[in-house]
Amino acid sequence: MTNQRALFTTKLGGILATVGSAVGLGNIWRFPTEAGENGGAAFLLIYFGFVLLLGTPLMMAEFMVGRATHRGAVSAMRQLSPHSGWFLWGYAGSITMLLIVSFYAVVAGWTLSYACFSVVDQLPDFQEYSTRLWMPLGFMTVFFLLNAGILLGGVTKGIERASNILMPILALFLVALCVNSLLLPGARQGLNYLFHPDFSKVNSHVIVSALGQSFFSISCGIGCLLTYGSYLPDHTQLGKTALTITMLDTLIAVLAGVIIFPACFSYNITPDAGPGLAFITLPTVFQQMPGGYFWSIIFFLLLVLAALTSSISLLEGPIAILQEDFHMKRRTAVCVATTTGWVLGVLCSLSLYPELTAHLTIGGRTLFDLFDGLTADVLMPLLGFLMSLFVGWRLPKQFIVEQLTNSGVTSDWLVSVVLFILRFFAPISILLIFLSGLGLF
Ligand code: PFF
């Protein structure tokens, strides 16, 4: 049983929208710092292993469930596994998406404000800026409004059209920034920092980080890809599409490192970690770089575009559920999801405001840090683990065969590999990594 709902109209549109979801702040700012700090190419190798062996099959699993049912996460699970509790997975995923979008939008608001400050050539001191009250809230609100504007357009006229326009611009900015960085005098040193493998830094913490980063970066495990998968037309080759998306995502993460580290080393500035990198280190670099005014605008716009195409996917998951399971009109669903995300975002933002931090801190961590850590390091792997069990064990093998071969139209060499990974490799390795992260062995 399938229902009549909007689908992406072209193959490219579907791929661009999903790459748009995957490529975000996670690639351009989180990945390079993680890689730089955690052993360079050694981290890259582990990360890539996770993307290829766990993330890509899980992306396929979500695509299969979404495309087979053409429904959002809750109804899809209900349809494939009636009279069971699996639909709760859809709700858990959707709550996770809202938690992610809340801290994500805080950072996206900073990038939006920095893009504007770059235009007037007055970048503020970040330490001081991030603890201001109204301005970060204001820019975050504008960011949510941009999201709502796109999402109100629906799947084809909103998400697909925005991705078709924004992703090529993003690619252009990325290539321009890369070329510029590679022409700088410190290019070799920067590349060495990123690519020199230092296996002595690899420990269980690094492995858990690489797993969290890989899931976060390709948006997998929480139903976001399931929702986009539900908009893929029936003839889409799911295996090939998933592989294309994860490879592009990894390429862009590496290119972000190629932009950032050569620039830092060229001006003798130690690459900082976390938010400091984008908002403290790089502005200092841009100040000294010839044409820095221009590059700074391009860089922050790149971050805004990347964040926007990801956050619409984070809101679309809950929106699909509100439409299908709560029978809301699209417009109402967009308002409810965006407002919920905004309220959580306000709390995250306020948790960084010095006078309120104490009230918005749980277990010694601000809501901002808590939501970040909880989603990337706990909820995404956990829900991904459950997804692999669902498709691997709960659904019949025939389901995977039909979905991956489009009912026998395309070749089936992938089927046994994906089945093995979803049944054994993914659940066991996620569990082991998780337990070792908790320090249990
Ligand atoms: N993949 C996005 C990034 O790398 O920034 C973040 C993200 C989007 C995570 C959508 C999860 C998700 F469902």
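Owing to the predicted nature of the structure, the values given are computational and were not obtained by experimental measurement. Counting convention: from 1, in listed order, for ligands and their atoms alike.
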K.L.:
M380 heavy atoms, cut-off 4.0 Å: which ligand 1 atoms fall inside?
P.N.:
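Answer for ligand 1: 11 (C).
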K.L.:
What residue and atom, counting heavy atoms only, is the protein's closest point to atom 4 (O) of ligand 1, and at what distance?
P.N.:
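For this ligand atom, the closest protein heavy atom is A22 O, 3.0 Å.
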K.L.:
Any atoms of ligand 1 less than 4.0 Å from a non-hydrogen atom of S313? List them with their elements.
P.N.:
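With S313 as reference, the close atoms of ligand 1 come out as 10 (C).
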K.L.:
Please confirm whether R132 makes a cation-pi placement over Y353, using NZ or CZ under 6.0 Å from the six-membered ring centre and within 45° of the ring normal.
P.N.:
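Cation-pi check for R132 and Y353: fails.
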K.L.:
Would you mind checking if E34 and K201 are paired as a salt bridge, meaning a charged N to carboxylate O distance below 4.0 Å?
P.N.:
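Result for this pair is no, no salt bridge flagged.
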K.L.:
Between D249 and ligand 1, which residue portion shows a heavy-atom distance shorter than 4.0 Å: side chain, backbone, both, or neither?
P.N.:
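Neither; no heavy atom under 4.0 Å.
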K.L.:
Which option wins on minimum heavy-atom distance to atom 11 (C) of ligand 1: S219, C224, A253?
P.N.:
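When every heavy atom of S219, C224, A253 is considered, S219 comes closest to atom 11 (C) of ligand 1.
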K.L.:
Side chains of R394 and S81, heavy atoms from C-beta outward: is any pair under 4.5 Å?
P.N.:
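Heavy-atom side-chain distance check passes, below 4.5 Å.
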K.L.:
Looking at I222, which atoms of ligand 1 are within less than 4.0 Å of one of its heavy atoms?
P.N.:
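Numbered from 1, ligand 1 contributes 13 (F).
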K.L.:
Strictly under 6.0 Å, is that where the ring centroids of W110 and F368 end up?
P.N.:
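Between F368 and W110, which both carry aromatic rings, the centre distance is below 6.0 Å.
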K.L.:
Does NZ or CZ of R78 lie under 6.0 Å from the centre of the six-membered ring of W86, at an angle within 45° of the ring axis?
P.N.:
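Pair R78/W86 does not count as cation-pi.
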K.L.:
At less than 4.0 angstrom from any non-hydrogen atom of S21, what atoms of ligand 1 do you find?
P.N.:
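Under 4.0 Å from S21, ligand 1 has these atoms: 1 (N), 2 (C), 8 (C), 10 (C).
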